[in-house]
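Each remark here refers to the structure printed beneath this line.
Source: prediction; values computed, not measured. The first residue of the sequence shown is numbered 1, and numbering continues consecutively from there.
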Amino acid sequence: MDFKILWAIGVAAFSSAALGQQTVGFATLQPGTLLNAQASVIAKVVQDNTKLQVRVIGHGGDTGIIDAVNSKQADFLLLDVGEPAEAMKGENVWKGNPKPNIRLAMSLFGFQMAFWVRKDSPIQTIADLKGKNIPSDWVQQTSVITHLNALLAAGGVTLKDVKRVPTVNVIRASEDFKSGKIDVFFFAVGAPKVQEIAAAVGGLRVLSMEILPDSENRMKKIRPEYYFSTVNPAPHIAGIDKPTKVQTIDFIIGVGTHVKDDVVRDFVRAVHDNKQALVEGHPNFNAFDPSKAGKRQPRLPFHPAAENYWKEMGLLGK
């Protein structure tokens, strides 16, 4: 066969394969965080079950993640629902700077967060944080401001009662904790970084949160989506030696309004249909209930393609 014909066939085959695959950006926090670890698992599951190629993009904080999707630099995001919802509406820290192109693709499970202290620390409850060195400002990760204020409120404490130590994001704050610059750090339950810090300082202990009769209501006054859920001891979770209630907010996959319907549908369906593969990638996905993935969120509307998918599955709003 003529060489030119062979070359043309090869180019055509390559072009066909390229057209059959589309790369999407999946924005999340930087490596070392729980979100990054879980985004990597989701990306693999989507790639294994669709023609999509998923590129996980780490950012120093929520602001970068939301900006990336809103400006079409990324397509999907992995965060708790509170910050994307407030960004979309231009509320709280996003007042005057709304990000209107963010939508909901699906809900995953309750995202659990906590305050951690050294295992031998005299600090036993959130109330004991009065007068102690607490990370503050959170230049890159503004969502932590609300998380932290809500947790302090659960224990009857405000930022006026503590010594504020400016930081950038949860990774930097955890390093400040390790060096002794601050007395407590805030992080996701089960995150690899928490295990790392625990090994470095001789062990950690999670702070008790439900110490007042109205602790949960105090937290909800800061953000209504917050609630308490129970963490049980597990090998991958440092600082938990008995069932413990911690701060929780729904963990979601968000998507930009610019993303095409078929891409949204393929991404969502792959995650919805493959819980076992998710669990094999990270144990926290045991908490994922596919029958509740179409849950409506009060302040963040669905992307039309996602809403149609959940409606067809009979799971919209459950």
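Under the 3.5 Å distance criterion, the side-chain polar atoms of Arg55 are left unmatched by any main-chain donor or acceptor of Ala74. Here the side chain of Asp183 pairs a donor or acceptor atom with the backbone of Asn133 at under 3.5 angstrom. Between the side chain of Arg205 and the backbone N or O of Ser121 there is at least one donor-acceptor pair closer than 3.5 Å. For Glu216 (side chain) and Phe228 (main-chain N/O), a donor-acceptor pair under 3.5 Å exists by modelled atom type. Proximity of a side-chain donor or acceptor of Arg218 to a complementary backbone N or O of Pro213 within less than 3.5 Å is not detected. Checking side-chain atoms of Asp128 against main-chain N and O of Thr125 turns up a donor-acceptor pair under 3.5 Å. For Asn286 (side chain) and Pro283 (main-chain N/O), a donor-acceptor pair under 3.5 Å exists by modelled atom type. A distance-only check finds a donor-acceptor pair linking the side chain of Asn101 to the backbone of Asn70 [under 3.5 Å]. Panel note: side chain Gln247, backbone Met113; no donor-acceptor pair is recorded below 3.5 Å. Of the possible polar contacts, one joining the Thr244 side chain to the Lys242 backbone as a donor-acceptor pair under 3.5 Å is found.
Proximity of Phe302 to Arg296: side-chain heavy atoms (C-beta onward) are separated by under 4.5 Å at one or more points. Lys130 has its side chain within reach of Val157: a pair of non-hydrogen atoms, C-beta onward, lies under 4.5 Å apart. Between Thr167 and Phe177, the closest side-chain pair of non-hydrogen atoms is not below 4.5 Å. Taking 4.5 Å as the limit, every side-chain heavy atom of Val165 sits out of range of all side-chain heavy atoms of Pro135. The closest side-chain heavy-atom distance from Val263 to Phe76 is below 4.5 Å. For the pair Ile222/Thr146, a side-chain contact is recorded, criterion being any heavy-atom separation below 4.5 Å from C-beta on. Between Asn284 and Val189 there is no side-chain heavy-atom pair separated by less than 4.5 Å. Side-chain contact between Val271 and Val46: present, with at least one pair of heavy atoms (C-beta onward) separated by less than 4.5 Å.
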Q: Take Asp273 and Arg269, measure what salt bridge (charged side-chain N to carboxylate O under 4.0 Å, His left out) needs, and give me the verdict at the end.
A: CA-CA 6 Å; Asp273 288 349; Arg269 181 169 51 206; 5.1 Å; no
Q: Go through His147 and Asp80 one step at a time and tell me if the side-chain hydrogen bond (donor to acceptor under 3.5 Å, both in side chains) criterion holds.
A: CA-CA 11 Å; His147 296 332; Asp80 73 71; 3.0 Å; yes
Q: Decide yes or no on salt bridge (charged side-chain N to carboxylate O under 4.0 Å, His left out) for Glu175 and Lys178, but give the supporting numbers first.
A: CA-CA 5 Å; Glu175 293 297 327; Lys178 185 167 67 174; 3.2 Å; yes
Q: Evaluate the criterion side chain to side chain contact (heavy atoms under 4.5 Å, CB included) for residue pair His59 and Asp67; output intermediate values, then yes/no.
A: CA-CA 10 Å; His59 291 267; Asp67 280 341; over 6 Å; no
Q.
Could you go through Asp75 and Phe267, starting from their C-alpha distance and side-chain angles, then the distance that decides it, and tell me whether this counts as side chain to side chain contact (heavy atoms under 4.5 Å, CB included)?
A. CA-CA 11 Å; Asp75 305 291; Phe267 196 107; over 6 Å; no
Q) salt bridge (charged side-chain N to carboxylate O under 4.0 Å, His left out) between Glu86 and Arg223: does it pass, once the steps are laid out? A) CA-CA 10 Å; Glu86 292 180 355; Arg223 180 179 273 164; 2.9 Å; yes
Q: Walk me through it: do Val184 and Ile123 pass the test side chain to side chain contact (heavy atoms under 4.5 Å, CB included)?
A: CA-CA 9 Å; Val184 62; Ile123 301 170; 5.6 Å; no
Q. Checking side chain to side chain contact (heavy atoms under 4.5 Å, CB included) for the pair Ile197/Lys193: CA distance, chi angles, key distance, verdict?
A. CA-CA 6 Å; Ile197 298 298; Lys193 191 67 175 179; 4.3 Å; yes
**Q.** Candidate pair Asp262 and Arg265, rule salt bridge (charged side-chain N to carboxylate O under 4.0 Å, His left out), full reasoning
**A.** CA-CA 5 Å; Asp262 60 334; Arg265 188 180 182 87; over 6 Å; no
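Here the closest non-hydrogen pair linking Pro31 and Asn36 is N-ND2, 3.4 Å. In terms of heavy atoms, Pro298 sits closest to Glu225 at CG-OE2, 4.3 Å. Minimum heavy-atom separation, Trp94 to Thr63: CH2-CA, 3.9 Å. The two residues Val170 and Trp138 make their nearest non-hydrogen contact at N-CZ3, 3.6 Å. Residues Val45 and Ala277 come closest through the heavy atom pair CG2-CB, 3.8 Å. Of all heavy-atom pairs spanning Ala270 and Asn49, the tightest one is CB-CB, 4.1 Å.
The line from CD1 of Ile252 to CG of Leu108 is 8.5 Å long, rounded to the nearest 0.5 Å. Rounded to the nearest 0.5 Å, atoms CD1 (Ile57) and CD1 (Ile65) are 10.0 Å apart. The CG atom of Leu79 sits 8.5 Å away from atom CZ of Phe111, with the distance rounded to the nearest 0.5 Å. One distance of note links CZ of Phe26 with CG of Leu35; it measures 9.0 Å at 0.5 Å rounding. In this structure, CG in Leu78 is found 9.5 Å from OG in Ser40, a value given to the nearest 0.5 Å. Interatomic distance, Glu83 CD to Leu300 CG, rounded to the nearest 0.5 Å: 12.0 Å.
More than 12 heavy atoms of other residues, nucleotides or ligands shown are found within 6.0 angstrom of NZ on Lys275. Heavy atoms of other residues, nucleotides or ligands lying less than 6.0 angstrom from CZ of Arg103 number more than 12.
Ile102 and Val93 fall within a single hydrophobic cluster, where Ile, Leu, Val, Met, Phe, Trp and Tyr side chains are chained together by heavy-atom contacts under 4.5 Å. Linking Ile, Leu, Val, Met, Phe, Trp and Tyr residues whenever their side-chain heavy atoms come within less than 4.5 Å leaves Ile171 and Val168 in two separate clusters. A single hydrophobic cluster is seen to contain both Phe186 and Leu159, as judged by linkage of ILVMFWY side chains at heavy-atom distances under 4.5 Å, directly or through other members.
Looking only at atom types and distance, the side chain of Asp261 has no donor-acceptor partner in the side chain of Tyr309 under 3.5 Å away.
A side-chain contact (heavy atoms from CB on, under 4.5 Å) with Leu315 is found for one member of Lys295, His272, Lys292 and no other, namely His272.
Outside the 6.0 Å centre-distance limit, the rings of Phe288 and Phe109 are not counted as a close aromatic pair.
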